[in-house]
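Below, chain A is the first sequence line, B the second, and so on; all start at residue 1. The model shown is predicted, which means the values in this text are computed figures rather than measured ones.
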Number of protein chains: 2
Amino acid sequence: MTTTGEGTDQRAAAPPAAAGDLPAAVVRRLPEYLRALGTLSESGVDTVSSETLAAATGVNSAMLRKDLSQLGASGMRGVGYNVAGLAAHIAAVLGLTKDSRVAIIGLGHLGQALARYPGFSERGFDIVGLFDADPGIIGRDLDGLRVRDVALLAAAVRDEGINIGVIATPGAAAQHVADLLVDAGVTSILNFAPCVLAVPPGVAVRKVDLAVELQILSFHEHHKSLGRSETQINKRRER
Amino acid sequence: MTTTGEGTDQRAAAPPAAAGDLPAAVVRRLPEYLRALGTLSESGVDTVSSETLAAATGVNSAMLRKDLSQLGASGMRGVGYNVAGLAAHIAAVLGLTKDSRVAIIGLGHLGQALARYPGFSERGFDIVGLFDADPGIIGRDLDGLRVRDVALLAAAVRDEGINIGVIATPGAAAQHVADLLVDAGVTSILNFAPCVLAVPPGVAVRKVDLAVELQILSFHEHHKSLGRSETQINKRRER
DNA sequence: GTTTGTGAAGTCATTCACAGCT
DNA sequence: AGCTGTGAATGACTTCACAAAC
């Protein structure tokens, strides 16, 4: 599959690669590769080996090569991968060639932080709508965007081309908001509320629960201290 | 090379002792079970079948039973699981019987939101220290906690029993902060900075990168639009 | 020499399906 | 009847190891 460069992307009729159904595990790693490539690029590096890039992203180099090969990206044997070309290829696969339009629903502390998080716009996610149900919050101005009544959400989704919804409401409101988003045609949802959302097939939901992450750490912490008596460290090759 | 950057989501780098040797995939699901059990408990339910609990957490019921069986939790055939008992069991396995003491380093917008996020203390994670390097932020009061100079971090870890560090600094500072935490004896880190941390074996790192989540959604969005019309939506996977 | 690309092997995770308990 | 617990089957992911390409 040495599809050569060519590529800048977009949706050609010809399938440049199998990109259609990439294993979820691969997709999860692509943003990480992309970030590392950006860092390399800023350092003026223009070619990178799978070994080096793998180290920068914390994965095994064989896996990295296999991932890239599945994307249809290719390197040069004996040399490595072209940093800029690879970054462009990954960005294309991720659909980052056009900016996405994001609405945040729920502007409590977390929602406000998300609204102001520079990492979103830096990576091409334009926050274009803020919505809340609390009259005490509606009307507030956050870095130039005014918080609107969630009743206006559906219309805004249609009129303003919103395609990603970020739910940062309390758990009790999350399903309702998800329904609003889905009915308005949004098919990608990032859910920060601590609950499972029911959505129709075809709608992608990703969930981030900050307390869950801490609980997982708690588990490790707990079992590290339990292990003190046994001292049996299972040696497993640590990358 | 001490490169241990623990992967994004799943992967246990920690060396747990024999008794607590649960697969990482199971540990990831436990907090979700616990949350669903809490909801059931509040509704006055005191017995639940694997089928029902599985539905509430979005997993397959056989997997749920297998998970619980690995914990040593058991239900009653023909009846189901005792809600309170199961919740207590899972909490014990996760080490949630004693509260954890958390420091947040980096109090930009995200760090401030985390500091005020009620979900942490609700689930037994006490935020006891806030640290930043910016003189403009040091000294600020956030809900009764004063932001201290990061130079005081190591002493605070020791004197105040901090066992979890949350890094919410810019990427460039994150490795330095991680080193400080590790040197001070912290073995659990939650990293919000967009970079891979190198830590010695025995230190557990979990990473949450908000932009990565959006990029993954972008992928799905992108491929929905150029996929065949009879799209076969594969199951989305939650970390 | 270096480094990619990939079959094959290995490891881990999930689902199935049913025996066995209540 | 209903439901758990678990071996077996399936599927997914990762790593190994090496031939082919530069």
Side-chain angles (χ1 to χ4, degrees), chain A residues 1-5 17-18 21-30 32-33 40 45-83 85-86 89 234-239, chain B residues 3 5-13 16 21-30 32-33 45-83 85-86 89 232 234-239:
Chain A
M1 318 308 186
T2 6
T3 344
T4 348
D21 46 339
L22 231 39
V26 176
V27 176
R28 274 202 313 261
R29 288 187 290 266
L30 296 184
E32 210 59 50
Y33 300 155
L40 287 168
V45 178
D46 52 54
T47 298
V48 66
S49 71
S50 64
E51 197 65 55
T52 303
L53 185 54
T57 53
V59 306
N60 176 296
S61 68
M63 190 166 72
L64 170 55
R65 290 196 297 277
K66 192 157 277 193
D67 285 354
L68 297 184
S69 144
Q70 284 191 75
L71 300 191
S74 58
M76 252 190 274
R77 296 177 192 225
V79 179
Y81 295 86
N82 176 274
V83 171
L86 184 52
H89 195 117
N234 79 9
K235 67 241 288 2
R236 167 178 282 176
R237 129 185 339 289
E238 198 81 31
R239 69 187 58 270
Chain B
T3 343
E6 184 159 328
T8 318
D9 277 339
Q10 68 204 100
R11 170 164 297 139
D21 207 359
L22 281 176
V26 175
V27 175
R28 276 199 319 260
R29 288 187 290 264
L30 296 184
E32 210 60 51
Y33 299 155
V45 178
D46 52 54
T47 298
V48 66
S49 71
S50 64
E51 198 65 55
T52 303
L53 186 53
T57 52
V59 306
N60 176 295
S61 68
M63 191 165 71
L64 170 54
R65 290 196 297 278
K66 191 157 278 194
D67 285 352
L68 297 184
S69 143
Q70 284 190 76
L71 299 192
S74 58
M76 252 189 275
R77 296 176 192 229
V79 179
Y81 296 85
N82 176 275
V83 171
L86 184 52
H89 195 115
Q232 164 103 341
N234 0 0
K235 53 173 318 154
R236 60 189 188 281
R237 153 153 301 176
E238 204 130 333
R239 26 250 281 47

Using a cut-off of strictly less than 4.0 Å, decide whether A/Y81 has a side-chain nitrogen or oxygen near OP1 or OP2 of D/dC22.
no
Nearest-neighbour nucleotide for the B/R28 side chain, D/dA19, C/dT14, C/dG20 considered:
C/dT14
Closest listed nucleotide, where the reference is the side chain of A/S49 and the choices are D/dC3, D/dT14, C/dT4:
C/dT4
Please tell me if the side chains of B/L86 and B/N82 come closer than 4.5 Å, counting only heavy atoms from C-beta onward.
no
Enumerate the salt bridge (charged side-chain N to carboxylate O under 4.0 Å, His left out) contacts for residues 67-79 of chain A, please, sequence neighbours excluded, ordered by first and then second residue.
A/R29-A/D67
Compare all side-chain heavy atoms of B/Y81 with those of B/L68 and state whether any distance is below 4.5 angstrom.
yes
Listing request: all salt bridge (charged side-chain N to carboxylate O under 4.0 Å, His left out) pairs with a residue in residues 54-65 of chain B, at least two apart in sequence or in separate chains.
none
DNA chain D contacts made by residues 51-71 of chain B, counting heavy atoms under 4.0 Å:
B/R65, B/K66, B/S69
Do A/S61 and A/E51 pair up side chain to side chain, a donor and an acceptor below 3.5 Å, judged on atom types alone?
yes
Can you tell me the distance, in whole Å, between the CZ atom of A/R29 and the C1' atom of D/dT15?
12 Å
When you compare the side chain of A/L30 with that of A/L71, does any pair of heavy atoms fall below 4.5 Å?
yes
To the nearest Å, give me how far apart CG (A/N82) and P (C/dT4) are.
13 Å
Using atom CG of A/L22 as one end and atom P of D/dA12 as the other, report the distance to the nearest whole Å.
14 Å
In whole Å, I'd like the distance from the CG atom of B/D21 to the C1' atom of C/dA13.
15 Å
Does a distance-only test, which skips hydrogens and angles, find a donor-acceptor pair under 3.5 Å between the side chain of A/R77 and the base of C/dT4?
yes
At under 4.0 Å, does any side-chain N or O of A/S50 touch on OP1 or OP2 of C/dT3?
no
